[in-house]
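Have a look at the structure below, then the notes.
Only heavy atoms go into these numbers, but all of them, side chains included; no hydrogens, no water, no symmetry mates. Chain letters run A, B, ... following the sequence lines, proteins first, then strands; residues in each count from 1.
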Amino acid sequence: MVQLLTERFYLRETAEVARRLLGACLVHETPEGLTAGRIVETEAYLYKGDPACHASRGRTERNAVMFGPPGHAYVYFVYGMHHCFNVVTMPEGIGEAVLIRALEPLDGIALMEKRRGTRELRNLCSGPGKLVQALGLSREQNGFPLTTGPLTISSHKSFGGAGKFEVEVTKRIGINVGADLPLRFAVKGNRFVSR
DNA sequence: GACCAGATTGTCT
DNA sequence: GACAATCTGGTCA
């Protein structure tokens, strides 16, 4: 049983959303086909007291979507060649989001292999830049609502919400400022988590 | 396995 | 002009 997450889900505190997104299913439908994965690793980025957050230095053209309504996709470009996929949280105007860092491939694996240029299952979605490529995302999807297709996030009732796995909380990865904050959440022991 | 360098460009100072 | 919420492919072990 699958249930589409509504805007209400994304209105809670950002770290809470990050934790609850673990086990949920990210789905992208394109003309090429459908790809989907189970979220196994996330990071929260806070407006307040978090220098690593793009929104921490105020609103700009690039981060405008973060200040928009919750439940929308914030996709941005880094390191001259990669994109990262985030979900906007909190009420409009705040500027917080959850970075999706890793997925466990579920559907459309052949298509993911083609997009990624590898047949190694573990290497398809085990990192922010990788999952974006595997799902065929780009800045075209920046600002897309996740509450209606073709890009959505659903909770899997069969995963049983909480009890089914242990959540590991650690420091965030790959940042220079605000690196000490315990805002990274991952499914403990899952082999598709990055690094 | 661990560690390191290089790729490459949008965005902000 | 500096730097970035990363990945890949190289070397060495």
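- Of the two residues contacting DNA chain C, namely A/C53 and A/K130, the nearest-nucleotide position lying further toward the 5' end is that of A/C53.
- Among C/dA5, B/dC12, B/dA7, the nucleotide with an atom closest to any side-chain atom of A/M81 is B/dA7.
- Between the side chain of A/Y76 and the base of C/dA5, at least one donor-acceptor pair of N or O atoms lies under 3.5 Å.
- Neither OP1 nor OP2 of C/dT6 sits under 4.0 Å from any side-chain N or O of A/H83.
- Screening A/R122, A/K130, A/R119 for a salt bridge (charged side-chain N to carboxylate O under 4.0 Å, His left out) involving A/E113 leaves a single residue, A/R119.
- The side chain to side chain contact (heavy atoms under 4.5 Å, CB included) search around A/L34 returns A/V27, A/E29, A/A36, A/D107, not counting sequence neighbours.
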- Query: side chain to side chain contact (heavy atoms under 4.5 Å, CB included) between A/L46 and A/L183: does it pass, once the steps are laid out?
  - Reply: CA-CA 9 Å; A/L46 311 180; A/L183 292 173; 4.0 Å; yes
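- Note: NE2 (A/H54) to C1' (B/dC12) measures 11 Å, nearest angstrom.
- Using bins of under 30°, 30° to 60° and over 60° for the plane-to-plane angle, the ring pair A/F77/A/H83 lands in the tilted bin.
- With respect to the salt-bridge test (charged N to carboxylate O, under 4.0 angstrom), the residues A/E168 and A/K188 do not qualify.
- In this model, the phosphate group of C/dT6 is approached by a side-chain N or O of A/R101 to a distance below 4.0 Å at OP1 or OP2.
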- Give DNA chain B the dot-bracket treatment, 5' to 3': Watson-Crick (N1-N3 with N6-O4 or O6-N4) or G-U (N1-O2, O6-N3) under 3.5 Å, [ ] crossing, | other strand. |||||||.||||.
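- A straight line from CZ of A/R57 to P of C/dC3 spans 13 Å, rounded to a whole angstrom.
- Within the model, atoms CZ of A/F185 and CZ of A/R20 stand 12.5 Å from one another, a figure rounded to the nearest 0.5 Å.
- Taking atom CZ of A/F85 as the reference point, atom P of C/dT6 lies 16 Å away to the nearest angstrom.
- Residue A/F77 contributes atom CZ, which lies 7 Å from atom C1' of B/dT8 at whole-angstrom precision.
- When rounded to the nearest whole Å, the span between CG of A/N86 and C1' of C/dA4 equals 14 Å.
- The side chain of A/N176 contributes no N or O atom lying less than 4.0 Å from OP1 or OP2 of C/dC3.
- For the residue pair A/Q133/A/R115, the side-chain donor-acceptor check at 3.5 Å is not satisfied.
- A/N123 places its CG atom 13 Å from the C1' atom of C/dT6, with the value rounded to the nearest Å.
- Taking atom CZ of residue A/R191 and atom P of nucleotide B/dG1, one finds them 13 Å apart after rounding to whole Å.
- Side-chain proximity of A/R116 to C/dT6, B/dG10, C/dT8: nearest is C/dT8.
- Look at CZ on A/R195: it is 10 Å from P on B/dA2, rounded to the nearest Å.
- Judged by ring centres under 5.5 Å apart and planes tilted less than 30 degrees, A/Y79 fails to stack against the six-membered base ring of B/dA7.
- Map A/R139 and A/H82 each onto its nearest nucleotide of DNA chain B; the residue landing nearer the 5' end is A/H82.
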